[in-house]
Amino acid sequence: STTFEEVGVEDWKEKMAAFGADGASVNLGKKAGIAALLKKDIPYLVDFHCLPHRLELALLELQSSYKSVEVVYNILHLIWKTYHYSPKSVRALKSIADELEINILKPMQVKGTRWLPHVSRALKVFVSHKSGTESESGQYAAMLMHMQDISVNCKNADIQGRARHVPQKMKDIHFAAFCHFLADFFAILSRLSLQMQQNDIILPSVVSHLKETLLRVESVARTPMSDGHLAKFWEKVEGTQTFQGVTLTGSIHGKVAKRGGSTSRSLQSEMETAASLTLQGLHNRFGVLLGTESQVGKSPSYDSTKVVSDMLVFNIDSWPTRPGDLLDFRSEEIMLLARRFQPILERAGCKISAIQDQWISLKVMVNGQFCKLDYGSLWEMLLTKVPYKDDFKDVLHLVELVLVLPISAAQCKRAVSAQNRIKSSTRATLSVSVLEDLICLSSEGPPVAEFDPTPAVNRWFEHDRSKGERARRPHFLN
């Protein structure tokens with residue numbers, strides 16, 4: 001409460017309707033988490049688990065539960081270690097790239113990162129083919145050649161063993177094809193993660209993005225993307241089984257090993273399994289938004305899960321198209337939401353008894369006149385333009401609660417990253433107020449390409465240099 005008072009917000013408990021954070025127990029713990037403590041003073045509070053974090057957990061489960069995906073992660077991690085901790089290896093890799101006349105990219109980390117786009121970029125770098133000339137070689141071939149060289153000439157037993165293991169996998173056509181499939185696969189999931197990290201994302205938009213992602217995941221397991229990495233890979237290896245000048249071994253079809261060995265799975269089977277596990281993880285983590293019955297089961301209390309599920313009544317894509325079906329559509333959920341948030345609604349001047357009639361009128365009007373508008377334009381028009389903001393003023397209070405629901409904590413994570421960049425070992429004496437201003441500029445300010453420094457520079461020149469007003473560090477004490 002002290003923090004809120006410092007910024008001039010004394011009645012924050014009366015205005016607070018929801019609390020969003022990652023899934024750490026200190027935040028969302030049922031007994032002693034921040035959300036649980038807040039609910040003692042704010043019974044109607046809705047606690048919300050950050051959506052990008054949920055997506056990360058769903059994909060971490062895929063990595064840990066499916067060996068084929070874990071193998072790819074481990075190989076990429078070993079390659080990253082080779083070049084991250086050894087400038088000598090980076091120089092050797094660039095030297096090979098120069099001989100092959102190709103552009104090389106430094107391998108990226110795939111483990112320990114916060115968001116899915118890092119994994120997607122690491123896979124794209126691994127299978128990329130960026131030639132400076134007409135050379136058929138690429139990143140994949142250059143790293144394979146360097147690993148083979150290390151396996152022979154390196155004197156470090158640990159690095160030498162790693163360099164022997166990696167080329168064996170990279171020469172396997174099954175492994176190479178699965179890496180290209182994962183590059184397409186994680187590109188789809190990375191796109192969803194970036195959409196969820198947007199500051200202006202709202203709940204109905206998330207539902208649409210989720211459903212689109214589910215369809216894309218199902219499709220990519222059956223048919224390669226027309227312009228994707230896997231389709232281009234098949235074009236290069238078809239008939240020759242050669243990729244970037246490297247002759248690949250093995251087969252993409254399942255076979256039984258000799259002498260009673262285990263059965264190796266076909267590439268198609270592995271792709272379908274990866275997609276199936278991902279779909280299962282997404283349904284487990286986002287069941288409330290997708291309408292999974294097990295997630296929105298019958299519970300004696302009207303908890304946050306049910307509240308979020310009922311808030312989806314404002315997803316106009318789920319409304320029936322026939323006017324007659326709109327009259328009673330989700331009327332019960334609207335009244336449950338009104339009763340849940342009654343204290344905060346009444347403090348805002350909302351008339352609870354008028355919500356039901358306004359809800360019916362709102363549905364009929366939107367369905368007849370504005371069904372083609374996107375979510376942002378629709379609610380902006382209804383909340384700001386006359387006569388809509390007056391005719392539906394009571395039910396629009398519930399709409400505002402949906403729009404301000406904190407469904408992503410990505411901005412907070414970006415602020416922490418900005419702090420780590422700004423307050424380095426060479427700038428450790430920054431005061432709290434200056435640091436806060438710099439973090440705010442980094443997180444909320446315009447991009448560098450769009451920033452005009454002229455007003456700030458002119459203001460600095462207006463100061464009197466003789467009085468020390470133009471000093472670069474006026475508060476620095478020698």
Side-chain angles (χ1 to χ4, degrees), residues 4 9-20 35-36 38-48 202-204 207 288-289 291 296-320 323-371 373 375-376 378-407:
F4 284 103
V9 183
E10 298 180 355
D11 55 346
W12 60 273
K13 288 185 180 180
E14 297 180 358
K15 297 180 179 180
M16 193 172 189
F19 171 76
L38 287 171
K39 285 182 180 180
K40 293 181 179 179
D41 297 324
I42 314 172
Y44 51 84
L45 184 79
V46 176
D47 57 290
F48 200 92
I202 59 176
L203 202 59
V207 175
V288 174
L289 304 182
V296 195
K298 294 183 178 180
S299 175
S301 62
Y302 191 52
D303 57 10
S304 295
T305 300
K306 285 190 173 183
V307 173
V308 172
S309 176
D310 288 348
M311 282 183 170
L312 294 177
V313 300
F314 295 105
N315 181 7
I316 60 176
D317 291 337
S318 65
W319 291 4
D325 297 334
L326 282 172
L327 293 179
D328 296 325
F329 176 73
R330 308 298 291 268
S331 296
E332 181 181 353
E333 286 82 351
I334 284 292
M335 294 315 299
L336 286 173
L337 290 173
R339 286 194 288 269
R340 167 84 179 200
F341 295 105
Q342 184 173 350
I344 194 172
L345 291 175
E346 290 179 343
R347 283 196 293 268
C350 175
K351 189 177 180 181
I352 304 296
S353 59
I355 289 180
Q356 189 66 266
D357 290 336
Q358 292 180 15
W359 169 238
I360 295 174
S361 301
L362 177 67
K363 289 184 291 184
V364 174
M365 186 196 69
V366 171
N367 186 62
Q369 302 179 35
F370 307 116
C371 58
L373 292 179
Y375 300 115
L378 172 64
W379 298 125
E380 180 182 2
M381 179 190 67
L382 295 177
L383 287 165
T384 59
K385 293 186 180 296
V386 178
Y388 312 119
K389 68 176 185 178
D390 297 325
D391 294 344
F392 308 112
K393 61 180 181 180
D394 298 305
V395 72
L396 286 176
H397 282 291
L398 291 177
V399 174
E400 289 178 330
L401 289 174
V402 176
L403 296 179
V404 300
L405 192 67
I407 59 180

Name all residues meeting the side chain to side chain contact (heavy atoms under 4.5 Å, CB included) criterion together with Pro320; count only those two or more places apart in sequence or in a different chain, and write none if there are none.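 By the side chain to side chain contact (heavy atoms under 4.5 Å, CB included) rule, Pro320 matches Asp325, Leu326, Phe329.
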
List the steps, then state whether side chain to side chain contact (heavy atoms under 4.5 Å, CB included) holds for Ile334 with Lys363. CA-CA 12 Å; Ile334 284 292; Lys363 289 184 291 184; over 6 Å; no

For a 4.5 angstrom cut-off between non-hydrogen side-chain atoms, does Leu203 reach Asn315? no

Hey, what do you get for [atom1] ([X]) to [atom2] ([Y]), rounding to the nearest 0.5 Å?
X      : Y      : atom1 : atom2 : answer
Phe19  : Leu405 : CZ    : CG    : 12.5 Å
Tyr44  : Gln342 : OH    : CD    : 11.5 Å
Glu332 : Gln356 : CD    : CD    : 10.0 Å
Lys13  : Asp41  : NZ    : CG    : 3.5 Å
Met16  : Leu38  : CE    : CG    : 5.0 Å
Tyr388 : Leu378 : OH    : CG    : 10.5 Å

Atom of [X], atom of [Y] and distance for their closest heavy-atom approach:
X      : Y      : result
Phe341 : Ala17  : CE2-O, 4.0 Å
Ile355 : Cys350 : CD1-SG, 3.8 Å
Arg340 : Pro43  : NH2-O, 3.9 Å
Glu14  : Ile344 : O-CG1, 3.6 Å
Leu337 : Asp310 : CD1-O, 3.7 Å
Asp47  : Ser304 : OD1-OG, 2.6 Å

Under the side chain to side chain contact (heavy atoms under 4.5 Å, CB included) criterion, do Arg339 and Tyr302 qualify, and how do the steps go? CA-CA 11 Å; Arg339 286 194 288 269; Tyr302 191 52; over 6 Å; no

Working for side chain to side chain contact (heavy atoms under 4.5 Å, CB included), residues Leu373 and Val366: CA-CA 9 Å; Leu373 292 179; Val366 171; over 6 Å; no

Under 3.5 Å, side-chain donor or acceptor atoms of residues 389-401 against the rest of the protein: list the pairs with distances, not counting sequence neighbours.
from, atom 1, to, atom 2, distance (Å)
Asp394, OD1, Lys351, N, 2.9
Asp394, OD2, Gln358, NE2, 2.7

Return yes when atom CD of Glu346 has more than 12 non-hydrogen atoms of other residues, nucleotides or ligands closer than 6.0 Å, and no otherwise.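 It does: Glu346 CD has more than 12 such atoms within range.
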
Determine whether more than 12 heavy atoms belonging to other residues, nucleotides or ligands lie under 6.0 Å from atom CD of Glu10. no

Quick one: do Phe370 and Trp379 satisfy ring-ring contact (aromatic ring centres under 6.0 Å, His included)? Show the steps, please. CA-CA 10 Å; Phe370 307 116; Trp379 298 125; over 10 Å; no

Check the pair Val207, Asp317 against side chain to side chain contact (heavy atoms under 4.5 Å, CB included), reporting the backbone distance first and the verdict last. CA-CA 10 Å; Val207 175; Asp317 291 337; over 6 Å; no

